[in-house]
Protein chains: 2
Amino acid sequence: MTDNAAPPSDLTFWSFVDYAVRKAEQELPSVNTDAMRMVLTLNRATSMVIYDLESSVHRPRGLTWPGFRVIFALWLAGPMEAKTTAEISGMSRAALSALLNTLERDGLIVRERAAHDRRALQLSLTEAGYGAILGSFRAHNRRESAWAQALEPDERRELVRLLNKLMAGSTDAKAKFRS
Amino acid sequence: MTDNAAPPSDLTFWSFVDYAVRKAEQELPSVNTDAMRMVLTLNRATSMVIYDLESSVHRPRGLTWPGFRVIFALWLAGPMEAKTTAEISGMSRAALSALLNTLERDGLIVRERAAHDRRALQLSLTEAGYGAILGSFRAHNRRESAWAQALEPDERRELVRLLNKLMAGSTDAKAKFRS
DNA sequence: CCCGATTGATCAAAGGTTTGATGATTCTGA
DNA sequence: TCAGAATCATCAAACCTTTGATCAATCGGG
């Protein structure tokens with residue numbers, strides 16, 4: 001611990017990014033501050049958006065964020081096998097399996113054995129599930145729109161372009177993905 | 001369900017973004033696709049980065065992602081009260097309380113009653129905690145650097161600027177934050 | 001001064017995630 | 001054909017998170 005400038009007393013989740021980058025550079029001069037700032041900012045911005053969506057849109061309607069992701073995927077790409085659902089909704093098959101217990105209990109989805117491969121599971125939305133995703137997604141999209149208004153249209157496009165480029169580089173970086 | 005163009009069979013976590021935006025517009029013509037694409041992209045890009053960091057850097061070292069966030073905050077801004085730690089590491093006080101049990105058991109942090117307010121908790125890193133964050137953060141930052149290389153320096157700055165602007169708009173959007 | 005309101009941490013119950021193991025089914029190559 | 005390998009879902013244990021309740025300590029207005 002090199003220095004002891006007291007941390008500002010008004011540090012917040014968001015303002016911590018700047019503070020952390022400066023302080024880390026003091027502690028560890030070899031740090032790559034550009035990369036640090038980028039990842040820290042990306043992570044925190046996303047946390048705030050998702051937390052807002054989950055707590056203001058989905059929880060009040062009885063859905064968790066992962067539950068929403070699954071019925072959202074089934075709405076747009078379903079019916080489909082559990083393996084595919086796990087892949088496109090971004091969770092492991094084990095996590096999906098646990099989550100499906102809740103969604104099935106709540107009557108939103110149906111599990112059926114696949115005809116062509118008796119190991120596999122075919123997932124589909126029930127009528128209630130269809131109703132739930134329709135209502136939830138509308139509210140979700142209204143909330144997204146409020147967030148999106150902070151940027152100009154071309155800024156939104158640029159943000160998307162940069163994130164796409166970042167992901168395109170992930171194979172180069174040999175990133176680890178969910179199995 | 002308007003149309004039944006079969007979902008591409010090679011849908012992945014990442015390519016689902018494009019598919020979902022197109023399909024949602026068919027299902028629900030009133031959808032704000034710009035906002036939808038932005039939030040979906042933001043969320044998925046971040047998931048991939050964080051999953052990679054957690055699974056390739058932190059878990060192998062015996063840390064979870066939330067555990068890392070907490071000792072990272074204590075490293076740079078600590079010692080400090082639990083309430084502040086929760087705020088700047090982005091979790092509720094209840095979640096932090098549970099998490100501290102693990103970190104304390106593993107000998108990385110110390111809980112002490114604050115002198116000036118006997119309700120409050122003063123948190124600090126142990127020697128082991130300091131060693132853990134130093135080693136973990138170095139590896140973490142190397143991994144961040146690999147990701148960051150996918151963008152040009154000015155693109156990284158632009159990404160950060162856009163995310164900052166997005167967050168600046170969050171108060172307008174009356175976003176809900178952690179209490 | 002003191003009682004009611006607020007604040008800080010923790011608890012409890014329900015839920016989702018991880019890794020690694022298990023059991024069932026299907027595939028593959030000799 | 002058939003035995004070993006791969007694949008699919010699920011389970012188990014440990015962990016983190018959420019909401020809402022509880023308890024102790026502190027603050028503030030009358």
Side-chain angles (χ1 to χ4, degrees), chain A residues 13 47 50-71 80-87 89-106 108-123 176-179, chain B residues 13 47 50-71 80-87 89-106 108-123 176-179:
Chain A
F13 182 62
S47 285
I50 302 306
Y51 184 82
D52 175 59
L53 288 168
E54 175 164 23
S55 65
S56 75
V57 173
H58 299 298
R59 294 250 177 206
R61 291 167 170 268
L63 275 178
T64 61
W65 177 251
F68 167 73
R69 270 159 42 210
V70 166
I71 65 176
M80 61 187 160
E81 293 189 11
K83 178 190 161 75
T84 313
T85 312
E87 160 69 24
S89 59
M91 55 187 71
S92 68
R93 281 180 290 141
L96 177 61
S97 183
L99 185 47
L100 289 176
N101 294 330
T102 309
L103 296 175
E104 192 175 40
R105 186 206 59 197
D106 294 346
L108 302 178
I109 62 103
V110 182
R111 275 196 252 229
E112 286 164 314
R113 222 74 226 182
H116 56 295
D117 183 340
R118 301 206 322 274
R119 288 168 306 183
L121 220 51
Q122 185 77 4
L123 303 180
K176 195 167 174 187
F177 301 125
R178 272 180 192 83
S179 55
Chain B
F13 181 62
S47 285
I50 301 306
Y51 183 82
D52 174 58
L53 288 168
E54 174 164 23
S55 65
S56 75
V57 173
H58 299 296
R59 293 251 178 204
R61 292 169 171 265
L63 275 178
T64 60
W65 177 250
F68 168 73
R69 270 159 43 211
V70 166
I71 63 174
M80 62 187 158
E81 292 189 12
K83 179 190 162 77
T84 313
T85 311
E87 160 68 24
S89 60
M91 56 187 69
S92 67
R93 280 181 290 135
L96 178 62
S97 183
L99 185 47
L100 289 177
N101 294 330
T102 308
L103 296 176
E104 192 176 39
R105 185 206 58 196
D106 293 345
L108 303 178
I109 62 105
V110 182
R111 274 196 251 230
E112 286 164 315
R113 222 75 227 181
H116 55 295
D117 183 340
R118 299 207 323 274
R119 289 169 304 184
L121 219 52
Q122 184 78 5
L123 302 180
K176 196 167 171 186
F177 302 124
R178 271 180 192 83
S179 53

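Lettering follows sequence order; numbering is per chain, from 1.
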Closest-nucleotide 5' rank along DNA chain D - winner of N101(A) and A120(A):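 So the residue in question is A120(A).
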To the nearest angstrom, how far is [X] atom [atom1] from [N] atom [atom2]?
X       : N       : atom1 : atom2 : answer
L100(A) : dG15(C) : CG    : C1'   : 14 Å
E81(B)  : dT7(C)  : CD    : C1'   : 11 Å
R93(A)  : dT7(D)  : CZ    : C1'   : 7 Å
K83(A)  : dA6(D)  : NZ    : P     : 14 Å
L121(A) : dT10(D) : CG    : C1'   : 10 Å
M80(B)  : dG8(C)  : CE    : P     : 15 Å
W65(A)  : dT17(C) : CH2   : P     : 12 Å
R113(A) : dC8(D)  : CZ    : C1'   : 8 Å

Find the distance between CG (L96(B)) and CG (L103(B)) and round it off to the nearest 0.5 Å. 8.5 Å
Output the distance between atom OG1 (T85(B)) and atom CD1 (I71(B)), rounded to the nearest 0.5 Å. 12.5 Å
Check whether any side-chain heavy atom of [X] sits under 4.5 Å from a side-chain heavy atom of [Y], and report yes or no.
X       : Y       : value
P66(B)  : H58(B)  : no
L108(B) : L63(B)  : yes
E104(A) : L123(A) : no
S47(B)  : Y51(B)  : no

Nucleotide by nucleotide, 5' to 3', does protein get under 4.0 Å of the base (B), only the sugar-phosphate (S), or neither (-) in nucleotides 15-23 of chain D, counting heavy atoms? SSBBBB---
How close do P60(B) and S56(B) get, heavy atom to heavy atom, and via which atoms?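 The pair with the smallest heavy-atom distance is CG-O, 3.6 Å.
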Kindly give the heavy-atom pair with the smallest separation between V70(A) and S89(A), and that separation in Å. CG2-OG, 4.0 Å
Give me the distances for all protein-to-nucleotides 26-28 of chain D N/O pairs that come in under 3.5 Å?
{"unit_1": "dT26(D)", "atom_1": "OP1", "unit_2": "R118(B)", "atom_2": "N", "d": "3.0"}

For residues 114-121 of chain B, which side-chain N or O atoms pair as donor and acceptor with protein atoms under 3.5 Å away, sequence neighbours left out?
{"unit_1": "H116(B)", "atom_1": "NE2", "unit_2": "E81(B)", "atom_2": "OE2", "d": "2.8"}
{"unit_1": "D117(B)", "atom_1": "OD1", "unit_2": "R119(B)", "atom_2": "N", "d": "3.0"}
{"unit_1": "D117(B)", "atom_1": "OD1", "unit_2": "R119(B)", "atom_2": "NE", "d": "3.1"}
{"unit_1": "D117(B)", "atom_1": "OD2", "unit_2": "R119(B)", "atom_2": "NH2", "d": "2.8"}

